[in-house]
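Before any comments, here is the structure.
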Amino acid sequence: MHHFHYAGQKLHCESVDLAAIAQLHGTPTYVYSAQTIADNYRRLASSLTGLDLQICYAMKANSNLAVLRHFANLGAAFDLVSGGELRRVAAAGGDTTRSVFAGVGKSEAEIRLALETGVFGFHVESEPELARINHVAGQLGRKAPIAIRINPDVDAKTHAKITTGKSDNKFGIPLKHAAAAYAAAAQFPHLELKGVQMHIGSQLTSVTPFAEAVAKVVPFVAELKKLYGITYFSIGGGIGIIYQDALASGSQAWWDAQPEAERPLTPEAYGAALTPLLAPLGLKILLEPGRFLVGNAGILLSRVEYLKRGAAKNFLVVDAAMNDLVRPAMYEAYHEIVPLTRDTTRAALKADIVGPICESGDCFAKDRTLQAVGEGELIAFMSAGAYGYTMASRYNTRGQVAEVLVSGSRFELVNVRESFETMVAGEKIPGFLKI
Ligand SMILES: *Cc1c(COP(=O)(O)O)cnc(C)c1O
């Protein structure tokens with residue numbers, strides 16, 4: 001559920017007419033709904049009642065400082081993957097000491113920063129990393145809290161580029177080697193064995209792989225609790241969202257109309273399947289959702305530049321491009337595209353929706369049928385709140401786009417559109433090229 005809907009014929013975010021945002025701040029612009037984020041967070045938290053739960057928002061999905069502050073206010077901790085993200089949590093007023101540091105390639109400098117700032121746990125991906133964290137902690141005279149990431153070898157049945165829990169992925173330590181890894185970790189004087197972690201993939205649309213992975217790892221977790229007194233089990237993120245019927249899925253009526261057997265994954269179903277498996281452990285349970293919390297809480301506003309009628313097909317050229325929203329080019333991802341002004345009297349248009357970049361991959365949708373729109377008119381890419389802005393680049397010297405946060409009838413620019421001057425500020429022409 002979310003708060004993007006037509007009021008009259010105008011697409012709104014909460015009580016704000018999105019056209020007003022485009023008018024004031026231009027396009028392309030990401031727009032986020034604070035209420036949707038809060039609803040998603042609270043709904044997930046209340047789906048796993050009875051557990052000692054700590055939700056660590058996977059901030060790589062959307063790390064705007066305003067979004068992070070909103071999460072901090074909701075009581076969330078964070079799942080972070082770099083020194084930069086750690087600094088963002090601190091800058092947003094978040095609690096780093098309840099946050100976890102993940103990622104396969106932590107540098108010495110990042111480990112040092114995390115130890116100095118304080119984190120809840122380092123999520124360790126390899127044996128050399130154990131040695132490095134121990135070494136840095138020793139230098140600082142500290143003990144580093146760690147959890148080892150277990151790769152349960154479960155197929156998440158999602159896109160290959162976002163599957164992480166199979167034995168041929170680069171992530172984690174295979175379950176059969178995990179006991180030895182913990183035994184090795186226990187020998188390091190500057191490590192504190194605090195938990196276990198796993199994360200099997202992203203955009204999972206069924207609860208089955210989650211339940212399978214948790215069931216597979218739980219006996220081992222219980223064993224570790226006995227052996228080392230670990231206190232937490234992090235089951236990662238990965239809950240999928242609706243992309244296909246994104247706009248309609250904002251309403252309860254849409255969910256009620258889905259046949260029981262085909263009902264997409266809900267936090268309630270996730271909680272119902274996992275809570276009974278996790279409760280007997282008597283451990284703190286960490287969740288690391290990213291996409292579920294913010295994905296349907298954001299859209300990308302864009303304006304039509306041209307309708308190019310070709311011999312074989314039509315091309316709707318819009319002002320957003322693959323550098324602003326890379327998911328379609330990178331994962332063949334689907335984003336629903338809707339007009340800001342609905343007009344049922346208009347004919348449908350079938351077109352490829354493309355950006356201005358000089359790459360055939362700069363295509364958001366092929367042969368998409370949507371309400372006819374023309375030059376200068378506004379459209380929205382739905383479900384763009386996760387892995388949208390954070391994956392953006394400056395390719396084609398297109399500056400990073402603006403971001404706006406909506407709350408009720410208020411909205412505020414939370415990130416300015418990047419100027420040409422800022423884009424080239426770090427570049428310089430060396431002396432030996434001067435005339
Ligand atoms: C990316 C990631 C997440 C979040 O995944 P979502 O699919 O966005 O929920 C959680 N944990 C780890 C370790 C990750 O790498």
Side-chain angles (χ1 to χ4, degrees), residues 37 40-41 43-45 47-48 53-63 67-68 71 76-82 84-86 89 99-106 114 119-126 129 146-152 154 156-166 169-173 195-207 209-210 213-214 217 232-243 264-267 270-271 274 285-298 326-327 330-331 333 383-391:
I37 292 173
N40 289 342
Y41 180 84
R43 189 173 162 199
L44 181 61
S47 296
L48 291 104
L53 200 65
Q54 183 163 318
I55 297 183
C56 298
Y57 164 57
M59 60 184 284
K60 69 178 189 284
N62 186 327
S63 58
V67 171
L68 300 185
F71 274 112
F78 300 89
D79 172 67
L80 50 98
V81 293
S82 71
E85 286 197 348
L86 182 67
V89 172
S99 299
V100 292
F101 188 3
V104 295
K106 300 173 196 75
V119 290
F120 193 73
F122 288 88
H123 289 173
V124 179
E125 301 254 3
S126 67
E129 188 189 331
I146 63 132
I148 294 178
R149 179 168 177 176
I150 309 292
N151 186 327
V154 165
K157 299 199 169 57
T158 181
H159 190 277
K161 284 186 188 159
I162 47 179
T163 292
T164 57
K166 284 288 287 169
N169 299 129
K170 69 179 174 184
F171 299 100
I173 287 177
V196 191
Q197 202 272 345
M198 68 173 188
H199 171 71
I200 58 172
S202 197
Q203 184 53 21
L204 273 72
T205 51
S206 153
V207 78
F210 287 119
V214 168
V217 175
Y232 79 84
F233 179 25
S234 170
I235 62 169
I239 304 172
I241 62 162
I242 305 293
Y243 283 103
L265 182 55
T266 61
Y270 177 84
L274 300 185
I285 301 299
L286 269 59
L287 304 184
E288 303 165 357
R291 189 189 311 270
F292 171 77
L293 295 175
V294 292
N296 71 352
V326 78
R327 298 188 64 261
M330 188 152 157
Y331 308 121
S383 299
Y387 306 107
Y389 187 92
T390 51
M391 293 183 100

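In this chain, numbering begins with 1 at the start of the sequence shown. In listed order, ligands and their atoms are each counted from 1. Note that this is a predicted model, so its numbers are computed, not measured. Basis for what follows: all heavy atoms, side chains included, without hydrogens, waters or symmetry-related copies.
- The two residues F171 and N151 come nearest to each other via the heavy atoms O-ND2, 2.9 Å.
- Nearest protein neighbour of atom 14 (C) of ligand 1, counting heavy atoms only, is K60 NZ, 2.9 Å.
- Residues I235 and V217 have side chains not in contact (no heavy-atom distance under 4.5 Å, counting atoms from C-beta outward).
- Using a 4.0 Å cut-off between heavy atoms, V81 makes no contact with ligand 1 at all.
- Annotation: cation-pi pair K106/F122 absent, no NZ/CZ under 6.0 Å from the ring centroid and within 45° of its normal.
- A donor and an acceptor atom, one from each side chain of E85 and S63, are nowhere located under 3.5 Å apart.
- Under a 4.0 Å criterion applied to the non-hydrogen atoms of R291, ligand 1 contributes the atoms 6 (P), 8 (O), 9 (O).
- At a threshold of 4.5 Å between non-hydrogen side-chain atoms, the residues K60 and M391 do not count as touching.
- The two residues L287 and Y270 have their closest heavy-atom pair at CD2-OH, 3.8 Å.
- The G237 neighbourhood of ligand 1 comprises atoms 9 (O), 10 (C), with distances under 4.0 Å to a heavy atom of that residue.
- Annotation for ligand 1: atoms under 4.0 Å from non-hydrogen atoms of D79 are 10 (C), 11 (N), 12 (C).
- Protein heavy atom closest to atom 7 (O) of ligand 1, with residue, atom name and distance, is S202 OG, 2.3 Å.
- Ligand 1 is never approached by F171 to a heavy-atom distance shorter than 4.0 Å.
- Taking only nitrogen or oxygen atoms, main chain and side chain alike, R149 does not reach within less than 3.5 Å of ligand 1.
- Here the protein heavy atom with the shortest distance to atom 11 (N) of ligand 1 is E288 OE1, 2.7 Å.
- The closest approach between H123 and ligand 1 stays at or above 4.0 Å for every heavy atom of the residue.
- In this structure, the side chains of F78 and C56 stay at 4.5 Å or more apart for every pair of heavy atoms.
- Looking at heavy atoms from C-beta onward, M59 lies in side-chain contact with V89 at the 4.5 angstrom threshold.
- Nearest-residue assignment for atom 5 (O) of ligand 1 (options Q203, M198, H199; heavy-atom criterion): H199.
- Note: no N/O pair closer than 3.5 Å links G201 and ligand 1 by distance alone.
- Heavy atoms of G238 come nearer than 4.0 angstrom to ligand 1 in at least one pair.
- In this pair, Y57 and F71 present their aromatic rings parallel. The plane angle is below 30°, not in the 30 to 60° band.
- Checking only distances, Q197 never comes within under 3.5 Å of ligand 1, N or O to N or O.
- Each of the atoms 9 (O) of ligand 1 lies under 4.0 Å from some heavy atom of P289.
- Taking the side chain as every heavy atom from C-beta outward, Q203 and I241 approach each other to under 4.5 Å.
- The protein heavy atom nearest to atom 8 (O) of ligand 1 is Y387 OH, 2.6 Å.
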